[in-house]
Asker: 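Shown below is the structure under consideration.
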There are 2 protein chains.
Amino acid sequence: MKSDKISEAVVRRLPIYLRYLSGLQRREVATVSSQELGQKLDLNPAQIRKDLAYFGDFGRKGIGYDVAYLIEKIRHILNLDQQINVVLIGAGNLGQALSNYNMYLKENLKIVAVFDAYGPKVGTLINSLKVQPMEELSTTIQQHNIRIGIITVPEHEAQQVADKLVEAGIGAILNFAPIILRTPANVRVHAADFTTDMISLAYYLDNGKEDLDDAKQSNTEVDH
Amino acid sequence: MKSDKISEAVVRRLPIYLRYLSGLQRREVATVSSQELGQKLDLNPAQIRKDLAYFGDFGRKGIGYDVAYLIEKIRHILNLDQQINVVLIGAGNLGQALSNYNMYLKENLKIVAVFDAYGPKVGTLINSLKVQPMEELSTTIQQHNIRIGIITVPEHEAQQVADKLVEAGIGAILNFAPIILRTPANVRVHAADFTTDMISLAYYLDNGKEDLDDAKQSNTEVDH
DNA sequence: TAGATTGTTAATCGATTAACAATC
DNA sequence: TAGATTGTTAATCGATTAACAATC
């Protein structure tokens with residue numbers, strides 16, 4: 001069934017499916033059932049079938065899903081069948097760590113430029129990209145058709161950087177700074193601030209008080 | 001209203017409240033209403049009142065919430081009125097970046113030990129902590145009463161590390177590796193894998209304006 | 001008193017899960 | 001055919017929002 005609007009929760013699960021499917025493909029597994037996926041990913045099989053059915057009839061009754069075909073489909077849904085250029089703003093420790101994380105590459109996301117506001121950082125190399133000054137942000141974004149920005153600057157600079165990204169026509173932002181960014185409705189922001197995750201973990205340390213939930217993983221995110 | 005069971009969504013919002021309240025306190029604002037909080041945090045005021053009311057009657061009708069008092073209460077709810085010791089496993093780029101992020105300190109979370117499986121890393125200093133070999137993990141956790149573990153090792157080592165943490169009696173895990181960890185129900189895991197966030201962002205890029213980029217990267221490129 | 005704002009109940013909305021006919 | 005498994009509808013569960021009496 002198509003044409004319903006897709007909820008955020010569904011979209012959030014697609015990369016998780018993709019990740020596991022890629023593993024299957026590497027191991028040359030040809031098909032997989034919603035049951036197996038559910039087991040491995042801690043999700044209800046009905047939910048997985050429903051998620052996928054939003055986008056098309058990808059499975060075969062009695063058989064399951066063809067791994068290669070499903071990967072192709074999910075990649076397409078996520079716009080990953082073309083390279084998506086990414087800019088990183090903030091060449092501090094975290095920024096450097098992320099730029100090395102070439103995880104992205106596997107899924108056609110690629111950091112193609114790095115910026116920093118701090119003079120002495122400019123011109124240095126981060127993972128073989130030359131750090132550029134903020135003045136060049138807008139033109140670089142346009143020249144290289146950069147669609148996604150990663151913000152790893154300190155809290156007090158984050159909103160300002162976001163504004164510049166928006167102005168330059170960015171499509172989406174991954175924000176590591178611990179604030180709620182204001183952006184127009186057409187620019188999606190995902191919060192990647194791990195201090196929030198970290199702190200909420202402390203709640204579950206049992207100090208006598210009990211919480212007998214499953215040890216489910218949860219992806220943690222505030223967006224708007 | 002007490003004694004309902006608290007949903008994960010509620011707990012996830014508490015650190016966000018705390019963060020904003022701390023900012024107010026810094027600016028010496030004495031009280032705040034659910035309305036203002038909602039506006040600043042992109043949340044419904046009724047939701048905020050309801051969240052807080054799960055834990056007690058912290059506000060005053062007609063007035064709002066006393067900032068200092070509410071901070072104290074939320075800190076207490078989150079177990080942050082005592083120092084919580086944290087161990088970091090994986091002294092790679094990301095691990096180093098996190099160890100510098102002393103954001104935690106503000107909220108009584110403190111990384112007190114760092115481990116790595118890779119021989120040459122052992123003994124080096126990370127943010128003035130000496131990297132220890134994995135063999136010492138269990139005793140260190142017990143000696144220092146470490147409650148939370150941060151996993152920043154490669155994907156294929158993550159489950160094994162998690163097992164060791166569980167065995168050593170850890171209370172909760174923040175997992176940066178891109179897999180679903182298996183842990184007993186009493187050990188909570190939060191997924192902090194940002195590649196998932198990143199990839200799901202791509203879904204929201206509107207492809208109305210696709211100028212099929214030739215993606216010529218100006219900067220010196222990484223090759224692979 | 002008048003205005004503001006909480007705590008809480010009821011209404012709404014949305015997401016997950018169960019169940020099963022269709023069919024490979 | 002018999003067994004497996006999808007796609008989908010209906011049932012359930014849970015979370016968000018509206019509304020308002022209580023009260024500062």
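Labels below follow one simple rule: chain letters A, B, ... track the order of the sequence lines, proteins then strands, and each chain is numbered from 1. Remember, it's a predicted structure, so these values are computed and weren't measured experimentally.
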Asker: Rounded to the nearest 0.5 Å, what separation is found between the CD atom of A/Gln25 and the CG atom of A/Leu18?
Answerer: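 Answer for the CD-CG pair, A/Gln25 versus A/Leu18, is 9.5 Å.
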Asker: Would you mind reading off the distance between B/Ile48 atom CD1 and C/dG7 atom P, rounded to a whole angstrom?
Answerer: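 Distance check: B/Ile48 CD1 to C/dG7 P gives 12 Å.
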Asker: Fill in the dot-bracket string of DNA chain C, one character per base: . for unpaired, | for a pair to another strand, ( ) or [ ] for pairs within the strand, taking Watson-Crick or G-U pairs under 3.5 Å.
Answerer: ..||||||||||||||||||||||
Asker: Figure out the CG/C1' separation between A/Leu70 and D/dG7, and round it to whole Å.
Answerer: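 In whole Å, D/dG7 C1' lies 14 Å from A/Leu70 CG.
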Asker: Could you work out which one of D/dT8, C/dG7, C/dT5 sits closest to the side chain of A/Ala53?
Answerer: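 Out of D/dT8, C/dG7, C/dT5, the nucleotide with an atom closest to A/Ala53's side chain is D/dT8.
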Asker: Could you list the donor-acceptor pairs under 3.5 angstrom formed between side-chain atoms of residues 161-170 of chain B and any protein atom two or more places apart in sequence or on another chain?
Answerer:
residue  : atom : partner  : partner atom : Å
B/Asp163 : OD1  : B/Gln159 : NE2          : 2.8

Asker: Can you check the A/Tyr65 OH to D/dA4 P distance for me, whole Å?
Answerer: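 Between P of D/dA4 and OH of A/Tyr65: 17 Å.
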Asker: In whole angstrom, give the distance that lies between atom CZ of A/Phe55 and atom P of D/dT6.
Answerer: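 Answer to the nearest Å: 17 Å.
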Asker: Provide, to the nearest angstrom, the distance between the CG atom belonging to A/Leu37 and the P atom belonging to D/dT5.
Answerer: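 Answer to the nearest Å: 12 Å.
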Asker: Determine whether A/Thr195 and B/Leu109 satisfy the following criterion, side chain to side chain contact (heavy atoms under 4.5 Å, CB included), listing intermediate values before the conclusion.
Answerer: CA-CA 10 Å; A/Thr195 59; B/Leu109 293 158; over 6 Å; no
Asker: Starting at the 5' end of nucleotides 17-24 of chain D, put B wherever the base has a protein heavy atom under 4.0 Å, S where only the sugar-phosphate does, and a dash everywhere else.
Answerer: BBB--BBB
Asker: Heavy atoms only: give me the nearest B/Ala91-B/Gln96 pair and the separation to one decimal.
Answerer: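 That closest heavy-atom pairing would be O-NE2, 3.2 Å.
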Asker: With rounding to the nearest 0.5 Å, note down the distance linking CZ in B/Arg147 to CD1 in B/Ile141.
Answerer: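 Reported value, rounded in 0.5 Å steps: 12.0 Å.
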Asker: Considering residues, nucleotides and ligands other than B/Gln35, do more than 12 of their heavy atoms fall under 6.0 Å from its CD?
Answerer: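 Result for CD/B/Gln35: open.
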Asker: From CD of A/Glu8 over to C1' of D/dT16, roughly how many Å is that when rounded to an integer?
Answerer: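 Checked: the CD to C1' distance equals 14 Å.
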Asker: Would you say A/Asn85's side chain and A/His144's backbone share a donor-acceptor pair under 3.5 angstrom?
Answerer: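 Yes, the answer is positive, given that a donor and an acceptor are paired below the 3.5 Å cut-off.
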Asker: With respect to B/Val189, which candidate in B/Leu174, B/Ile151, B/Thr183 satisfies the side chain to side chain contact (heavy atoms under 4.5 Å, CB included) definition?
Answerer: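 Only match with B/Val189 under side chain to side chain contact (heavy atoms under 4.5 Å, CB included): B/Thr183.
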